[in-house]
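Here the structure comes first, spelled out in C-alpha cells, and everything after it is commentary.
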Amino acid sequence: MTTVDMTTLSTGEADTAPLLEVRDLHVEFNVRDDIAKAVNGVSYSVNAGETLAVLGESGSGKSVTAQAIMGILDSPPGRITRGEVLFHGEDILKLPENERRKLRGAKMAMIFQDALSSLNPVLSVGFQLGEMFRAHQGFSRKAAKAKAIELMERVRIPAAKERVNDYPHQFSGGMRQRIMIAMALALEPDLIIADEPTTALDVTVQAQVMDLLAELQREYNMGLILITHDLGVVADVADKIAVMYAGRIVETAPIHELYKRPAHPYTRGLLDSIPRLDQKGQELYAIKGLPPNLLKIPSGCAFNPRCPKAQDICRTEVPVLASVTEQDGSELVGRGSACHFWKETLNG
Ligand code: ADP
Ligand code: MG
C-alpha cells in the first residue's frame with residue numbers, strides 16, 4: 001500500500017498557485033488610424049481571502065485590465081496583444097468563449113460603479129437576483145425568489161421580503177450598490193472585481209458599502225480586486241496595492257507600507273493630494289499636469305513630464321518594476337517600484 005506524501009498535499013502546484021495571476025498583460029485599442037496602448041505589461045496576483053487595491057488616475061488602464069481578466073473587453077476596437085491570465089493556475093485567455101461565459105458569474109464576478117445602468121430597469125431586483133439561480137443552478141421560480149430574499153438580507157437591505165419585487169430605481173444609490181454586491185456574491189465566486197464600487201455614492205454611504213464588501217469578502221474567503229482612483233477609500237480594507245500609471249504598474253506594496261513610505265514620486269503625489277483632517281485650511285497639493293495621451297506616451301518614464309524628481313535618464317530609459325529593499329539590502333516583501341530613483345523617494 002502506498003502512503004500519501006503529506007508534503008505534496010500542502011505544497012503541490014494547485015495549492016500554491018495564486019487564485020489569479022496576471023502576467024505581462026498588454027491591451028491596445030484601434031483609434032481611427034492610431035493605436036492607444038491602454039495596458040502595457042501589467043502583472044499582479046491575488047490569493048483567496050486577499051484584497052488587492054488597484055489605484056490610479058482616470059485613463060491609467062485599471063478598468064481595461066479588469067475587462068481583459070473577465071473576458072468582457074470591448075473587442076474590437078480592443079485586443080489583448082500579449083500576456084496571460086492564470087485563474088487557478090490555468091490561462092483562461094486560451095479558453096473558448098463558452099467556457100469563459102461559464103466562469104463569469106459562477107467563478108468570477110464583477111461589480112460596477114453604476115448599478116442603475118448595470119441592472120435591468122424593467123425587471124424587479126428579486127427577479128434579477130433569482131435569475132442567477134435559475135440560469136446557473138436550475139432553481140424553480142419559488143426557490144429562486146427565496147434565495148433572492150436571503151441574499152438581500154445578507155447585504156442588509158431593510159425589509160427584504162417586502163422589497164423583493166421592487167425595481168432598481170425604487171432603491172437609493174447605496175441600496176442599489178448592495179444589490180450589485182448581492183448579484184456578484186450569488187453563486188459564491190472565488191474572485192470578485194469591484195470597479196470603483198463606491199465612487200458614485202455619498203461619502204458616508206461609501207464607507208458602509210465598502211465595509212460590507214470587505215466583511216463578505218472575508219466571510220466567503222474570496223479574492224477581491226478593488227479598483228479605485230481614491231486612495232482614501234481602500235486604506236482600511238485592502239491588503240496590498242498596485243499603483244497604475246499609463247497602463248503600467250509603477251508601485252506595489254503592502255497597503256500600510258505604501259502610506260508610510262511610498263517608493264515612487266507618483267504615489268507620493270497621490271498621497272499628498274488626499275485631504276487630511278489635521279491640516280484644515282492648508283491648500284491641497286495636486287500633481288501638476290495631466291495624465292499622458294495614450295497615443296503618445298512620453299519616452300522613458302511615462303510620468304517624467306509631471307515628476308518633480310525627473311533627471312535625464314527618466315526621459316530616455318523606461319524604469320522596470322524593481323524590488324524595493326532597505327538601505328542595508330534587506331528585503332521589503334511585496335514591494336516594487338518602477339522609478340530610477342526609488343531609493344531617494346523611499347528614504348527621502
Ligand atoms: P481607468 O484607469 O480610468 O479605468 P480605462 O482602463 O477605462 O482607464 O481606460 C484606459 C484607456 O484605454 C482609456 O484612456 C482609453 O484610451 C482606452 N480605452 C478604454 N476603453 C476603450 C474603448 N472602448 N475604445 C477605445 N479606447 C478605449
Ligand atoms: Mg475605470
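All values below were derived from every heavy atom in this structure, side-chain atoms included, with hydrogens, water molecules and symmetry-related copies excluded. Start at 1 and go down the list; that is how both ligands and their atoms are numbered.
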* Geometric cation-pi criterion Arg248 and Phe303, 6.0 Å radius, 45° cone -> no
* Asp328 atom CG, over 12 foreign heavy atoms within 6.0 Å -> yes
* Is the count of non-hydrogen atoms from other residues, nucleotides or ligands lying under 6.0 Å from Lys145 atom NZ greater than 12? -> no
* To do: Kindly give the heavy-atom pair with the smallest separation between Glu196 and His229, and that separation in Å.
  => OE1-ND1, 2.8 Å
* Asked: Measuring to the Mg ion (ligand 2), does Ser58 have an N/O/S atom at a distance below 2.8 Å?
  -> no
* Sorted by chain and number, the residues that approach ligand 1 to under 4.0 Å with a heavy atom -> Phe29, Ala38, Glu57, Ser58, Gly59, Ser60, Gly61, Lys62, Ser63, Val64, Asp74, Pro77, Leu294
* Asked: Is Arg79 positioned over the aromatic face of Phe29, cation under 6.0 angstrom from the ring centre and no more than 45 degrees off axis?
  -> no
* Structure fact -> Sequence neighbours excluded, the answer for side-chain hydrogen bond (donor to acceptor under 3.5 Å, both in side chains) partners of Ser63 is Asp195
